[in-house]
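One structure below.
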Amino acid sequence: MIANRYAFILAGGVGSRLCLLSERRAKPAVPFGGKYRIIDFTLSNCVNSGIYDVGVLTQYRPTSLRQHIGIGRPWDLDRTRGGIQLLQPSLDSNESDWYLGTADAIYRNLVHLRRRTLDHLLVLSGDHVYKMDYNILYAFHEANRASVTVAVTEVPADAVGAYGILETESSGRVVGFQEKPRASRSRLASMGVYLFDRRSLIRWLTEDATLADSNHDFGKDLLPRLVARGEAVYAYHFRDYWQDVGALDTYYQSNMDLLSDRPPLDLSDPSWLVHTQSADRPPVRFEAGGAAERSLIANGCRVAGRVVRSVLFPGVVVAPGAVVRDSIVMNDTIVMRDAAVDHAILDKEVVVGEGARVGWGDAMTPNQACPDHLAHGLLLVGKEARLPAGVTVGRNARIGAFVTEQEITADVPAGGVVRGPEPEH
Amino acid sequence: MRDAIALVLAGGGGERLSVLATERAVSAVPFGGKYRIIDFALSNCCHSGVRRVGVITQHAPASLHDHVGSGRAWDLDGRESGIVILQPFMTRDQAGWYRGTADALAQNWDVIEESRAARVLVLSGDHVYKMDYRALMAAHQRVSAAVTLAVLAVAPDQVHRFGMVTTDADGRVLGFEEKPQRTDAHLASMGVCVFESEVLREALRGRPVDLALDVLRVLVRSGARVQACEFDGYFEDVGQISTYYRANLDLLRPDPRLLLHDARWPILTRDEERPPVLLLPGADVAGSLVANGCRIAGRVRNSVLFPGVTVRAGAEVTDSVVMQDVIVEPGAKVRAAIVDKLVRVGEGATVGAGDPSPDPSLAWLDGLTLIGKDAEIPARATVGRQVVVGVGARPSDFGGEALAPGARIADHVATQELA
């Protein structure tokens, strides 16, 4: 454990662009890569960098995140000194209940810095998939005598509108910051990884809290203001794989990236393991007629059918004659005999009935409910939904969580929506 | 089960497991694609509510100690639960080594005494089975027995492997024969028994050596109430190559008798963090168990692959047990073999080539080829059936000739490397 280091991980985001996947769980708790949750990457980066003192800021639907993190065992964060704390918003006498923005979330948790002897504070996001040694960020920060260092990654020119874009001098000093610009000369996007000088941060957050016209957000308010004021803001250019998996298409693509011949993210590197909470499951069982190619299949799966270009989480069953293709299938989902699943994301414990065809036909009608996220052929089936035997579900369809066989009385056309019960509050 | 302490006998060296147990105790030999043999006894303890466990070790205990660790995997690291490793130790009066199973219990009597347990559950770390020890305990208490043995019916050709018991209609043990060549008895002692602590203490006073011969047989003869409790589940003593291999391959049957996918009685183990199995283009896997961390580009049939095994393009693994982090290079073939951890099978090499020899002196190998841990098999080498390649064998040990049945390449043990 490296002394005097502490990280806040922002894990409260609503994740509306992930549609059904984050309807009932916080975005950092969305399953990824055949056995992980998205937050595992950030947590593993912390401990692999020697940071064993972490606070996770939650807000939106924290239950599954809370269950996943537990006392932090898989990351060796169940410690006598340091460890992991889940920090929920609390009702204070003179504050509004909920976090207003990312800066407000940190501001409201400054109390946790009081008894820690820190020169710096690391602020991370729990929504990103990457492997990064934060020690390099600290070294860069100190060498530049920066007040704040922002890790940046290069994004395609047509993607700048989704990110905070930084303009830098050759020294790395930041001279411009635009939140989600329509176009920009720079293609350096903020990764949501910030290293702050502690005293400066406290001063800035205290000031920001008093400003009526602020959204109290790092990207929208605080960082542009600091750059405009000429504070020592530096950008650290991270050149390895980094993916914001906050939207369905990037989520799907970065899962599929793991299947390429040279995956950009090596999950088996023993020097930088990605740790997760995993249940004790037996090895994958391939039955006599089973076949699988270009796929990731986790312990506890049983494959008697055919799996092609897919990611299967623990405990998935693919029955004889069934085919799963170009899909992501989460824990304990069952694909019954002779069913076919194509270009689909099936959440946990879904049942695909015998002979059902999920992801069928040439029609590409965008989804009626979320045309922005489900328009390119991918379909979504929510947690514990049960698709009746023989049903056909068209592309871009969305079947809600907990939908039962009785609620699907006819084939679901391309772009169709079957709503499940509203999530309970 | 709060009033019981379990002692797991895990000190055995396992001559009959050859290179698999050169550098580890039998209980620590990998099994079933991700487990160690001792996981079965420890998981049974965990699920039966046995909270205090002692593991008696002696032969090459390092890998067993490593595996057991603090007992976390079995929730034996609690405030009211615990696992303790009991290695031979010296005192002013005696010099250490356990002379046998009963002696090992006697030397650790203070641990049993301190636990204040009313009953002592004696287990073996070398057996593969799922058993609720509460049923054994209930049978024991129902008749207020001094000792209760778990027994199972075995075929007449298996009696020479076991302590055989005869019982009356109430299950009271009337006779006990250790490993008889021939007997009318058909109930075998599984090496799982519960003692009243007082009875065990008295029995150990005379410093007996062997638990079966010098304690159980003596108690039966003395007329003590020794009860048998019949077990009808899957049980295998995997202390020899043929039973070890078959118990592994039994898991691949369409309806295996030992169910690993059993949420009510999962087998717990110290899990390593490995990514899911990666199946590359060209992968062709059927009828096999393949654990997380494996990367497969070749063909796998009727085999058990432990975490981190790499099977490259054009390679084939058939009818084999392949342990952690073995690499099977392109075009290599592995057939009817048990391949220990970290072995590299060079490009185009064949392991298990040709047919087995009928030579009776090779019967113990059951037709299999054994490759010891860390061995490196050179490219294009041919290793026949019933060959034993020692731990740490180097390519230079192979020579140019094909290795025929019965060939043996010696171990390179760590201490030799240092010398």
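In what follows, chains are A, B, ... by sequence order, proteins preceding strands, each numbered from 1. These numbers come from the heavy atoms of this one structure, side chains and all, not from hydrogens, waters or symmetry mates.
- No other option in Thr276(A), Val303(A), Leu296(A), Val311(A) has as many heavy-atom pairs under 4.5 Å with chain B as Leu296(A).
- Contacts between Pro307(B) and chain A at a heavy-atom distance below 4.5 Å are absent for every atom of the residue.
- Atom OG of Ser295(A) is separated from atom CG of Leu258(A) by 11.5 Å, given to the nearest 0.5 angstrom.
- For chain B, the nearby part of Arg302(A) is the side chain; its heavy atoms alone come within less than 4.5 Å.
- Note: Phe40(B) and Phe31(B) have perpendicular aromatic rings, judged against thresholds of 30 and 60 degrees for the angle between ring planes.
- Ion pair Arg24(B)/Asp66(B) not flagged as a salt bridge, since none of the NZ, NE, NH1 or NH2 atoms sits closer than 4.0 Å to an Asp/Glu carboxylate oxygen.
- For Asn292(B), the parts lying under 4.5 angstrom from a heavy atom of chain A are both the backbone and the side chain.
- Interface check for chain B: of the options Leu312(A), Ile297(A), Leu259(A), Val307(A), the most heavy-atom pairs under 4.5 Å are formed by Ile297(A).
- For Leu252(B), the part lying near chain A is the backbone, with the side chain staying farther off; criterion is any non-hydrogen pair under 4.5 Å.
- Gln253(A) and Asp257(A) share a side-chain donor-acceptor pair at under 3.5 Å.
- Using modelled atom types and a 3.5 Å distance limit, the side chains of His67(B) and Asp39(B) yield a donor-acceptor pair.
- Crowding of Arg72(B) atom CZ: a count of heavy atoms from other residues, nucleotides or ligands under 6.0 Å exceeding 12.
- Neither the backbone nor the side chain of Arg301(B) comes within contact range of chain A; no heavy atom of the residue lies under 4.5 Å from a heavy atom of that chain.
- A donor-acceptor pair under 3.5 Å links the side-chain atoms of Lys131(A) to the main chain of Asp266(A), judged by distance alone.
- Contact of Leu273(A) with chain B is made through the side chain alone, with heavy-atom distances under 4.5 Å.
- Interface remark: Arg299(B) contributes no atoms to any contact with chain A (heavy atom separation under 4.5 Å).
- Relative ring orientation between Tyr36(A) and Phe41(A) is described as tilted, the plane-to-plane angle lying within the 30° to 60° band.
- For a residue to count as touching a neighbouring chain, one of its non-hydrogen atoms must lie under 4.5 Å from one of that chain's; by this rule Phe306(B) does not touch chain A.
- With no hydrogens or angles considered, no side-chain donor-acceptor pair links Trp272(A) and Asp133(A) at under 3.5 Å.
- Heavy-atom distances place no part of Val308(A) under 4.5 Å from chain B, backbone and side chain included.
- Both the backbone and the side chain of Ala292(A) come within contact range of chain B, each with at least one heavy atom under 4.5 Å from a heavy atom of that chain.
- Of the listed residues (Pro281(B), Pro254(B), Gly33(B)), the one with the most heavy-atom contacts under 4.5 Å to chain A is Pro281(B).
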